[in-house]
Amino acid sequence: MFGFRTAAGEGSVTKQLCSYLRQEIESGALAPGLQLPPTRRAASDLGIARNIVIEVYEQLTAEGYLTSRAGSGTFVAEGIETRKAMKIDPMPSSASTARPESVPKKPKLIDFDGGLPDLSHFPRRLWSKYVREITDSAAEDIFSYGNIQGLPALREVIAGYLYRVKGMACSMDQIVITSGTSEGILLLASTLSDRFHTVYTEEPTIGFVGDIFQRLNYTLHPVEVDHQGMQIHRIEHNFPAGLIVLTPSHQYPTGSILSIQRRQMAIALAEKAGHYIIEDDYDSEFRHKGGPVPPLQLLAPSKVIYAGTFSKTLSPALRIGFLVVPPELIEPVIRTKTELNLTTSGIMQSALARFILDGHFDRHIHKMRAIYKRKRVYIAEQCRRLFGDRVELLGDEAGMHVQLHFKQDAYGPIDWHNMEWLGVRLSSFEDYAVLKGRSPGKVVLGYGNLTEREIAEGLRRIQQFTESWRRI
C-alpha cells in the first residue's frame, strides 16, 4: 500500500505505518480527499493483521490527518499544508493549580483532582533503594546546590528517552532541569520578558499559567479551545509577537488533541510573526487508544520550547520537570535560572537518572497506562448507568481526567461549588476560564488517584446532587 515496507529495528509495525502515512500526507504524496483502501484490503496487501490497520487509521484520524465518513470510507483530510521535511542538525553533546484545603466534611471527601497520579502505585521500595544508595555512596557534591542546568547524567538519559519514545532529536545541552512545569513556565516568562509582553493561552486552561505571566506584566490573550484544540486562526498575523502556550497532545481541561492542520498553522504563524510556542506535554504517555501523539516540537525545533514533567508519570513530590530549549535560547535561560537561583535536589535527580537508565521508568509507564485505561472505562460505564444520555463524556481517551458535559436541556444552571457539602470536590470549566459563562454544565473529573470504589461513590453523590437541578 503506497510503497510502505516495514524495517527491522525501527519499532512496531503500527508505529512505522503511522509515521509513513504522516510523511506521505505532509509531503503531498497522498493528496487531500484521497480515499484510503478499506482496512481488510490494506491488511491483506501489507501482509499484516487488520487490527493494526484499524489502529493506524484511528490514530491518524484522532490527529487530524484522516477523516472517516460513515458508509463511504477513510480519506486524507483537507487543509494540511504540505512542506518539505526539515533536517535537524543535532547539537554536539558535552561533559495543577493548588487549591486551598477546605475544612474536612462528612462524609469522607472524594477529590476528583485532575492533576494527581495514582500515588498508591508509586514504587516506594525501589525508589528508596536508589535514594539510600546515592546518599550512602555518592560524592559529597551531591549534597551541594549542584549544576544550575541540571545533573548531566539526568539530562543525558532524558535526551535518550525523548529520542527513543517521542522521536525528538535534541542534545543534553538543550535540556534544563526544573522543579516542575510551573517553575519552567516561570523561568521562560522571566527570561523572555524583555523581548515579549503578550502571551496567548488556551481558554480554558490550568490557572497557574496565566497567573505567572500576569505577575510578570504580560498581557494575557485567551484563545478559545474546541474539539481540535486551540483555535489558532483567532491569533491574527498582525497581533503582537509573543508566547503561545499549548497542551497539544491532550488539552487541559477539554482533553482535545491539537489537529495537524492547526499544528501547522501554529508553526507557520510563529515563524512569520516571531512567536515562540511553549508545548506543555504533561501526560502524553498515557494515551489509551492508539499510540502517543507526536510532539509539536518535531515540526519546528527552533520555534517550540518543550516542557515535560515527572509529576504525572511518577509523583509531584519529586518536583522534577524539564525544558527542551532551542539552542539560541539556552544561554539566556541558564543565565536567568542562575540569577533566580533555581535549583533542584541533586539526590532526586541522581535517583531518577538511575531509575530511568535501569528501565524501571518504562515499565512503570506501561503498568500505569493499563491502570488508567481501566479506570477510564469504569468511569464511562458508571456514567452511562447513572446518567444515561443526559451526560456526555468528551475528550480524547488519554491521561487521568475526563470532561463531563451535563446537557443543558436536561439540567439547569448547576452551582458546582456546593458539591463539597456532599463530600465531593471537583472543578468546573469556569474554574479554569478567563472568559466566564461559556461552558455551562461542563466539569473535569480526575480519576488518577481514586480507586474504582471511590469513583463509583463519588459519581453516586454527583448524581444525587444533580437530580435537584434536573429538568423533569
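This is a predicted model, so every value here is computed, not measured. Computed over heavy atoms, backbone and side chain alike; hydrogens, waters and symmetry mates excluded.
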Practice task
Working to the nearest 0.5 Å, report the span between CD1 of Ile455 and CD1 of Ile379.
Solution key: 5.0 Å
Problem - Interatomic distance, Glu339 atom CD to Ile148 atom CD1 [nearest 0.5 angstrom] - result: 10.5 Å
Problem - Nearest heavy-atom neighbours spanning Glu203 and Tyr432 - result: OE1-O, 4.4 Å
Can we say [X] and [Y] salt-bridge, meaning some charged N sits less than 4.0 Å from an Asp/Glu carboxylate O?
X	Y	answer
Lys166	Glu285	yes
Glu420	Arg425	yes
Arg22	Glu63	yes

Problem - Whether over 12 other heavy atoms sit under 6.0 Å from Lys436 NZ - result: yes
Problem - Residues, nucleotides or ligands: over 12 heavy atoms within 6.0 Å of Lys289 NZ - result: no
Look only at the side chain of [X] and the backbone of [Y], and say whether a donor-acceptor pair between them is shorter than 3.5 Å.
X	Y	answer
Lys337	Leu342	yes
Glu224	Gln231	no
Gln16	Gly11	yes
Tyr411	Gly441	no

Under 3.5 Å, which donor-acceptor pairs link side chains of residues 393-406 to any protein atom two or more places apart or in another chain?
residue	atom	partner	partner atom	Å
Asp396	OD1	Arg287	NH2	3.2
Asp396	OD2	Arg287	NE	2.7
His401	NE2	Pro253	O	3.2
Gln403	NE2	Thr254	O	2.9
His405	ND1	Glu392	OE1	3.4

Problem - Polar contact flag, side-chain donor to acceptor under 3.5 angstrom, Asp281-Ser284 - result: yes
Practice task
Report the C-alpha separation of Arg390 and Asp409 in whole Å, then their side-chain angles, then the decisive distance to 0.1 Å, and conclude whether the salt bridge (charged side-chain N to carboxylate O under 4.0 Å, His left out) test is met.
Solution key: CA-CA 8 Å; Arg390 300 187 302 278; Asp409 58 353; over 6 Å; no
Exercise for the section: Using the ring pair (Phe, Tyr, Trp, His ring centres under 6.0 Å) rule, collect all pairs that involve residues 308-344, keeping only residues at least two apart or in two chains. Expected result: Phe310-Phe322, Phe310-Phe361
Practice task
Write out all pairs satisfying side chain to side chain donor-acceptor pair (under 3.5 Å) with one or both partners inside residues 318-333, taking only residues at least two apart or from two chains.
Solution key: Tyr276-Glu328, Glu331-Arg335
Handout entry: Qualifying residue, where the test is side-chain contact (heavy atoms from CB on, under 4.5 Å) with Ser256 and the options are Val225, Asp226, Thr247
Key = Val225
Practice task
Test His275 against Tyr200 for ring pair (Phe, Tyr, Trp, His ring centres under 6.0 Å), laying out the working first.
Solution key: CA-CA 10 Å; His275 305 293; Tyr200 301 91; 5.4 Å; yes
